[in-house]
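One structure below.
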Amino acid sequence: MLTRRQFLKIGAQFSAVAGAALIVPQISLAERIGGGRPEHSLMNRPFIAPLPVPRVLEPVGQDATTDYYEMTMRAARKAIVAGTQTPIWGFEGEFPGPTIVARSGRQVVVRQTNALDVPVTVHLHGGVVPTESDGMPTDQILPGMTREYVYPNQQPASTLWYHDHAMDETGLHCYMGLCGFYLIQDDVEDALPLPKGAYDIPLAITDRTFYADGSFDYPAIDGDTLLYGAMGDTILVNGARQPRLAVANRKYRFRLLNASNARPYELALSTGTPMTQIGSDGGLLPAPVERDTIRIDAAERVEVVIDFSAYAVGTRVVLNNLLGVGGLSQIMCFDVVREEADDSSVPSQLRTIERLDPASAVQERNFEFGFDGANGLWTINGMAYDHHRIDATPLHGTTEIWRISNGAPHHPGSNTGLFDPGKDHSHPFHLHGVFFQVLDRNGEPPPAWEQGWKDTVSVGSQEAVRILVRFDGYAGTYMFHCHKLEHEDRGMMGHFQVVTDEGDHEPHH
Ligand code: C2O
Ligand code: CU
Ligand code: CU
């Protein structure tokens, strides 16, 4: 399915490798070689690999309204662990895939070709898009086929990402590398004096486990992996192991994405100084928020400005993970290597955000996230995913309150005795096709940094989070699910259908 040109390109990069023949690594116990990882080689020490920044994809065409892109999902190899080449699946053979930079109000069309040997779908996470372009798990691109996705970008500047969403296999496919950034820019943000260009860097944090031969060790979804999701033992940022970024002593904007299958992180700087959060899933916050530590659950985005002018040249600033031990406790480092003038700043007001009014809500719905121990399935209101079932039918243009609860003691199906209290039990709850605002968590109003537009919200153990959703995107059927991908792949997913008075499925925008 690879074109001859692509084949030759892979062949040139990885001459020892038959590019077209790469498949997912076979996972057998015999291949698990304990202690076989070359821990002492240079490359496997933290802060050796330079931080890669995914390249920006060039459009293949443009007209008055639209930028056209083409991508091919294919197998490739990537040097991640010393002395090995890791088989990956990547958009354009890259992990993370190339970044699409879109303009708010200007349409993007992406032609995606599947040169892998498994069916895939492509979902734009955070995209307000017609349902045909949402990459629903059942809307597959079969091997060798191409599909066109239309993204209207009628939404403000924000850090989105695209990833595979194949039925029951999203966890494996994302682990193999099928994800990338999709940034939307707009005039409001451009007018602000925030760090720009080379000082505006996306950071996709993932965790992976490797076999001794360098291939990814994606676990079977049972035991702890079923309960807590796939947990890797090695941190990668933009596909490189605990990388190092050489910085000037000035401000940088970092677009943090937790692209891990399941692992949450709590980020803090080794210097003890705060980071300035300026944005969340749906773009800029109303005002910056100083944060000493930042918890980021799977699929969430947090945008921060870090000011390195506080440090002398020669200082190393480590981005730590307070939820991790050993190698999982350090994400990456910033080495302050030079002085540089800085004309950027973080204004005290970033943009205005309309606060949705709970009094305007026409419905309140309850979603209890639970576990069906008997069947090994994750459930919402006691039910595992069924692609024929619609769980909610909100009316287009109206606002609803959705209450998502995690492990409510009265839930008959919940079997909390199964769970290790020392582990993370959050469910990062995600809605497609719309943004929402957090109304309260266990009755308390959200902190300032959670008052922007969100598409994913972390619902911790014994928590109930109420969100306000205005269904003002498109009519049609969309998904909602837990973004711990192994929970999603094992049932924790549902549909809502945005309906109109006329009962049609036309886009109303
Ligand atoms: Cu990242 Cu269904 O989404
Ligand atoms: Cu999504
Ligand atoms: Cu979950």
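We count residues from 1, following the sequence as given. Computation of the quantities below employed the complete heavy-atom set of this structure, encompassing side-chain atoms and omitting hydrogens, waters and symmetry-equivalent molecules. Just so you know, ligand 1 is whichever comes first in the structure, and atom 1 is the first atom listed for that ligand.
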Which N, O or S atoms belonging to the protein are less than 2.8 Å from the Cu ion (ligand 2)?
His123 NE2, His430 NE2
In degrees, rounded to 10 degrees, what angle do His487 atom ND1 and Cys482 atom SG make at the Cu ion (ligand 3)?
130°
Residues at least two apart in sequence or cross-chain that pass ring pair (Phe, Tyr, Trp, His ring centres under 6.0 Å) with Tyr182, listed by chain then number, are Tyr151
Tell me whether the NZ or CZ atom of Arg208 lies within the 45° cone about the ring axis of Tyr175 and under 6.0 Å from its centre.
yes
Note: Glu300-Lys454 ion pair, threshold 4.0 Å (strictly below):
yes
Quick check, are the ring centers of Phe429 and His483 under 6.0 angstrom apart?
no
Atoms listed for atom 1 (Cu) of ligand 1 (protein only, N, O or S, under 2.8 Å, no waters) are His125 ND1, His163 NE2, His483 NE2
Side chain to side chain contact (heavy atoms under 4.5 Å, CB included) with Asn366: which residues, sequence neighbours excluded?
Arg403
What class does the angle between the rings of His427 and Trp378 fall in, given that below 30° is parallel, 30 to 60° is tilted and above 60° is perpendicular?
perpendicular
Salt bridge (Lys or Arg N to Asp or Glu O under 4.0 Å) evaluation trace for Arg106 with Asp186:
CA-CA 10 Å; Arg106 231 184 115 67; Asp186 70 10; over 6 Å; no
Looking only at side chains, do Asn442 and Glu463 share a donor and an acceptor under 3.5 Å apart?
no
Check the angle between the aromatic planes of His481 and His430 and answer parallel, tilted or perpendicular using the 30° and 60° thresholds.
perpendicular
Suppose we only allow N, O or S atoms; which atom of His427 ends up nearest to the Cu ion (ligand 3)?
ND1
Quick test of your reading of the model: are Arg255 and Glu303 salt-bridged, counting only N-O distances below 4.0 Å?
yes
